[in-house]
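A short write-up of the structure that comes next.
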Amino acid sequence: MRLALDEAERAVRGGDVPVGAVVLAPDGTTVLARGHNEREAAGDPTAHAEVLAVRRAAAELGEWRLAGCTLVVTLEPCTMCAGAIQQARVDRVVYGARDEKAGAAGSLWDLLRDRRLNHRPEVVEGVLAEECARLLTEFFRER
């Protein structure tokens, strides 16, 4: 999560909401890819930290299936990101702060664990939650 927090701080420097993500290889320690929000920098509404990290991890592996991989992200994924995570077959999602307004991994929706879908990753929430939430709160307070 500390690596994801570092990525989140990079987003702030680019004028974006501080969300960072890291994809770990199946060994649980090797970092395959990193990402942070780049919507403002790229002018791309889909440039969320999770989507970018998942895309980069797939490129690194040379395939779209991220079986055995773990996505670590500072904020609970939204519906778009949860869909990308589910489609990429990520095995585990670890997130920090809950997103009561747009979260799709247990807060507002629970897309990742929806039994109607063909793939349901393990979800671990609340890792360094206060630190992750504080970064977001400070960002929006300054705005």
Side-chain angles (χ1 to χ4, degrees), residues 1-26 28-61 64-143:
M1 187 60 76
R2 296 263 179 234
L3 295 174
L5 280 163
D6 290 344
E7 285 296 315
E9 290 177 9
R10 291 185 66 199
V12 173
R13 292 194 293 272
D16 269 289
V17 175
V19 178
V22 176
V23 177
L24 301 174
T29 59
T30 303
V31 175
L32 290 176
R34 301 167 189 254
H36 58 272
N37 277 0
E38 296 182 27
R39 293 181 305 170
E40 298 296 332
D44 179 357
T46 69
H48 286 205
E50 302 96 308
V51 170
L52 296 174
V54 164
R55 284 179 185 160
R56 292 169 183 157
E60 179 68 21
L61 289 175
W64 63 269
R65 288 179 191 86
L66 300 182
C69 294
T70 298
L71 173 73
V72 180
V73 60
T74 57
L75 180 65
E76 179 181 358
C78 69
T79 54
M80 176 184 70
C81 294
I85 292 162
Q86 191 271 338
Q87 289 298 312
R89 308 302 194 266
V90 172
D91 276 2
R92 183 177 305 100
V93 176
V94 177
Y95 71 86
R98 288 175 63 93
D99 186 349
E100 300 295 338
K101 294 180 180 178
S107 292
L108 189 56
W109 296 287
D110 200 351
L111 182 66
L112 292 179
R113 292 177 283 205
D114 190 320
R115 294 203 177 276
R116 296 170 292 181
L117 298 175
N118 64 334
H119 178 77
R120 291 176 301 280
E122 174 188 359
V123 177
V124 178
E125 64 178 82
V127 176
L128 298 180
E130 289 181 21
E131 194 169 338
C132 294
R134 186 177 325 111
L135 190 59
L136 289 157
T137 300
E138 289 171 2
F139 176 80
F140 286 112
R141 185 176 295 138
E142 290 177 14
R143 291 225 159 198

Q: Could you please spell out the steps behind the side-chain contact (heavy atoms from CB on, under 4.5 Å) verdict for Arg92 and Leu71?
A: CA-CA 6 Å; Arg92 183 177 305 100; Leu71 173 73; over 6 Å; no
Q) Going from CG on Leu136 to CZ on Arg141, what distance comes out if it is rounded to the nearest 0.5 angstrom? A) 11.5 Å
Q | Euclidean distance, Glu100 CD relative to Leu108 CG, rounded to 0.5 Å | A | 8.0 Å
Q: Give the C-alpha distance, both sets of side-chain angles, the deciding distance and a yes or no for side-chain contact (heavy atoms from CB on, under 4.5 Å) between Met1 and Thr74.
A: CA-CA 7 Å; Met1 187 60 76; Thr74 57; 4.1 Å; yes
(Q) Contact between His48 and Met80 at the side-chain level, heavy atoms closer than 4.5 Å - yes or no? (A) yes
Q. When rounded to the nearest 0.5 angstrom, what is the spacing between CG in Leu111 and CZ in Arg116?
A. 9.0 Å
(Q) Tell me whether Glu76 contacts the main-chain N or O of Ala105 through its side chain, where contact means a donor paired with an acceptor under 3.5 Å. (A) yes
Q | 4.5 Å side-chain heavy-atom contact, Glu131 and Arg2 | A | yes
Q: Could you tell me whether the side chain of Val123 reaches within less than 4.5 Å of the side chain of Arg113, counting heavy atoms only?
A: yes
Q: Any chance you could measure Leu112, atom CG, to Tyr95, atom OH, to the nearest 0.5 Å?
A: 9.0 Å
(Q) Main chain of Arg98, side chain of Ser107: is a donor-acceptor contact present, judged purely on distance under 3.5 Å? (A) no
(Q) Tell me whether Arg65 contacts the main-chain N or O of Arg89 through its side chain, where contact means a donor paired with an acceptor under 3.5 Å. (A) no
Q: With the side chain counted from C-beta on, respond yes when Leu135 and Glu9 share a heavy-atom pair under 4.5 Å apart, and no when they do not.
A: yes
Q) Are the side chains of Glu7 and Val19 in touch, meaning some heavy atoms are under 4.5 Å apart? A) no
Q | Cys81 to Val51 - nearest heavy-atom pair and separation | A | SG-CG2, 3.9 Å
Q | Ionic contact status for Lys101 with Asp99, cut-off 4.0 Å | A | no
Q.
For a side-chain contact (heavy atoms from CB on, under 4.5 Å) check, start with the C-alpha distance between Val94 and Thr70, then their side-chain angles and the critical distance, and finish with the verdict.
A. CA-CA 7 Å; Val94 177; Thr70 298; 4.0 Å; yes
Q. Looking at Val17 and Asn37, what are the two nearest heavy atoms and their distance?
A. O-ND2, 3.2 Å
Q: Check for a donor-acceptor pair, side chain of Asp16 on one end and backbone N or O of Glu40 on the other, with a separation under 3.5 Å.
A: yes
Q | Leu117 side chain near His119 side chain, heavy-atom distance below 4.5 Å | A | no
Q | Heavy-atom pair with the smallest gap, counting every atom of Leu52 and Ala47 | A | CD1-O, 3.8 Å
Q: Assess whether atom CD of Glu130 is packed by more than 12 heavy atoms of other residues, nucleotides or ligands within 6.0 Å.
A: no
Q: List the atom of Pro77, the atom of Ile85, and the distance in Å for their closest heavy-atom pair.
A: CG-CD1, 3.8 Å
Q | Residues Gln86 and Asn118: side-chain donor-acceptor under 3.5 angstrom | A | yes
Q. Does the distance from a Lys or Arg side-chain N to an Asp or Glu carboxylate O, for Arg13 and Glu38, drop under 4.0 Å?
A. no
Q: Grab the two heavy atoms, one from Val23 and one from Ala53, that are nearest each other, plus how far apart they are.
A: CG2-O, 3.7 Å
(Q) Which heavy atom of Val90 sits nearest to which heavy atom of Cys69, and what is that distance? (A) CG1-O, 3.5 Å
Q: List the steps and the verdict of side-chain contact (heavy atoms from CB on, under 4.5 Å) for Leu24 and Thr30.
A: CA-CA 6 Å; Leu24 301 174; Thr30 303; over 6 Å; no
